[in-house]
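Data block below; observations after.
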2 protein chains.
Amino acid sequence: MPSQSRIDDWLPAAVRAAASERRLKAGEALFRLGDKTAGFYEVIAGRVRLARVDAAGHEVVLHVARPGDVIAEASLFSPHYHCDAIAGSEATVRLFPKRDVLAAFDRDPQAAQAFTAMLARQVMSLRARIEQRNIRSARERLRHWLALNAGGDGRTVALPGPLKELAAELGLTHEALYRTLAALERSGEIERLEGKIVIVQGRR
Amino acid sequence: MPSQSRIDDWLPAAVRAAASERRLKAGEALFRLGDKTAGFYEVIAGRVRLARVDAAGHEVVLHVARPGDVIAEASLFSPHYHCDAIAGSEATVRLFPKRDVLAAFDRDPQAAQAFTAMLARQVMSLRARIEQRNIRSARERLRHWLALNAGGDGRTVALPGPLKELAAELGLTHEALYRTLAALERSGEIERLEGKIVIVQGRR
DNA sequence: CGGCGTTTTGAGAGAGCTCAACATCGGTGG
DNA sequence: CCACCGATGTTGAGCTCTCTCAAAACGCCG
């Protein structure tokens, strides 16, 4: 999930310096439900899956974290992890030790507040994403995303990566997204340029 | 959104005492994008819609808050609101003034931490909800929800309200939910009782 | 040149949505 | 006491839309 907020924006340099990296093989567990919390992690490369196991023994996925995502923020306030974290592919993560983070927050209330503010923004952004998923139509869902991600001019949207990734973020198959983009372009509603989309006109 | 965390759990009594209620008519604005932030709100009754207006003048809904939900938490850290809040029906809200809340957090770091912890939990829960929406099949989506909301025994799920509301939370039409529930019950996977669902057996 | 991943387009099928009818329950008022 | 009303719950039938499976063009890099 593109948190659109770099970790450097809210984490003091002192804490970043205390971080350590770890490499995981596909299928390897970063932590398990009930493990003592070491701190929270940033995913550097690969995918990490957060999941629980239900009463019938089946895995229930809570979240799939991608590079740039932070996981287990709540571990700061809990003595043990609340789910499993498993590498979905070969992956690299960076650990920010709970002790150092909490100490920094204690020492520097502004840092603590920045962290809280970041979480509040993330709640906003996640809610918006859920709202987006309430939209059935691929076309409307794309329009919603375009409107929400339009730059300052309200007309230009920068594409963060390949369209396949955008499709995943939108909860569409890539085929559906390609078709919808093509349809919107044919109808003259958008224009597709290198790495960005320009909204020509809203629908009437 | 059933935050599953009562506001009383993390907000000091002193702040709760400073709250004031406000009644809104359907369509009335609680605040508008750019307004100076007064604080955050709890929805007591009715529905409040958070939305922005895109370049073409169309409303883009970010979130629909229901009774028990808290909105505009990020207003604590921002001088102005980032979207419009409009009553979707006759509604009652409770305002927690920014000044009082921040003062309480200043005075009582534990309260501030409780707030942060609550946000971190909410981020978790929202991510899980998004993951749920990635599931196409109504049956699998319901199973996901059941597994995640099962009580301590992992077999009993209390229904928070009418099934229509659950349908909305799951992102399904109420018809689809009724049919899926009926199918799961016919197949013996679940049992439906007054106000709750019992998971009889997982699928093989 | 020969892979490999992304981007595109095609055709078919399944699943949930829409529209519709009806049952049920609680409250309200004649 | 009963008729009426609104909201929830339930089931039926058809239709649309996206998913799925396939195939191919394109671009990049060794």
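Lettering of chains follows the sequences in order, A, B, ..., and the numbering in each one begins at 1. The analysis underlying the following values was restricted to heavy atoms, covering all of them including side chains, and did not include hydrogens, waters or symmetry mates.
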Please pick, from dT7(C), dT11(D), dT10(D), the nucleotide with the shortest atom-to-atom distance to any side-chain atom of Leu163(A). dT7(C)
Take atom [atom1] of [X] and atom [atom2] of [N], then tell me their distance rounded to the nearest Å.
| X | N | atom1 | atom2 | result |
| --- | --- | --- | --- | --- |
| Glu165(A) | dG5(C) | CD | C1' | 13 Å |
| Leu181(A) | dT7(C) | CG | P | 10 Å |
| Glu194(B) | dG9(D) | CD | P | 10 Å |
| Asn134(A) | dC17(C) | CG | P | 11 Å |
| Leu166(A) | dT8(C) | CG | P | 12 Å |
| Tyr178(B) | dC22(C) | OH | P | 18 Å |
| Glu185(A) | dT9(C) | CD | C1' | 15 Å |
| Arg186(A) | dT8(C) | CZ | C1' | 11 Å |

Positive for side chain to side chain contact (heavy atoms under 4.5 Å, CB included) with Phe115(A), one of Leu11(A), Val101(A), Leu76(A): Leu76(A)
Run the salt-bridge test on Glu59(B) and Arg52(B) with the 4.0 Å N-O cut-off and return the result as yes or no.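 A salt bridge is absent here (no side-chain N lies under 4.0 Å from a carboxylate O).
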Is it true that Arg127(B) and Glu73(A) have a side-chain N and a carboxylate O under 4.0 angstrom from each other? yes
Parallel, tilted or perpendicular: which describes the rings of Tyr41(B) and Tyr81(B), with under 30° parallel and over 60° perpendicular?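 Ring orientation of Tyr41(B) relative to Tyr81(B): tilted.
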Counting N and O atoms only, with roles assigned by atom type, does the side chain of Arg66(A) sit under 3.5 Å from a partner on the main chain of Val43(A), one being a donor and the other an acceptor? no
We want to know whether Lys98(B) and Thr37(B) form a side-chain donor-acceptor pair, criterion being a heavy-atom distance below 3.5 angstrom. yes
Applying a 4.0 Å non-hydrogen cut-off, can you work out what Arg192(A) is touching in the nucleic acid: base, sugar-phosphate, or nothing? sugar-phosphate
Tell me, for nucleotides 13-30 of chain D in 5' to 3' order, what letter each nucleotide earns: B for a base near a protein heavy atom under 4.0 Å, S for only sugar-phosphate near one, - for neither? B----SSBBB--------
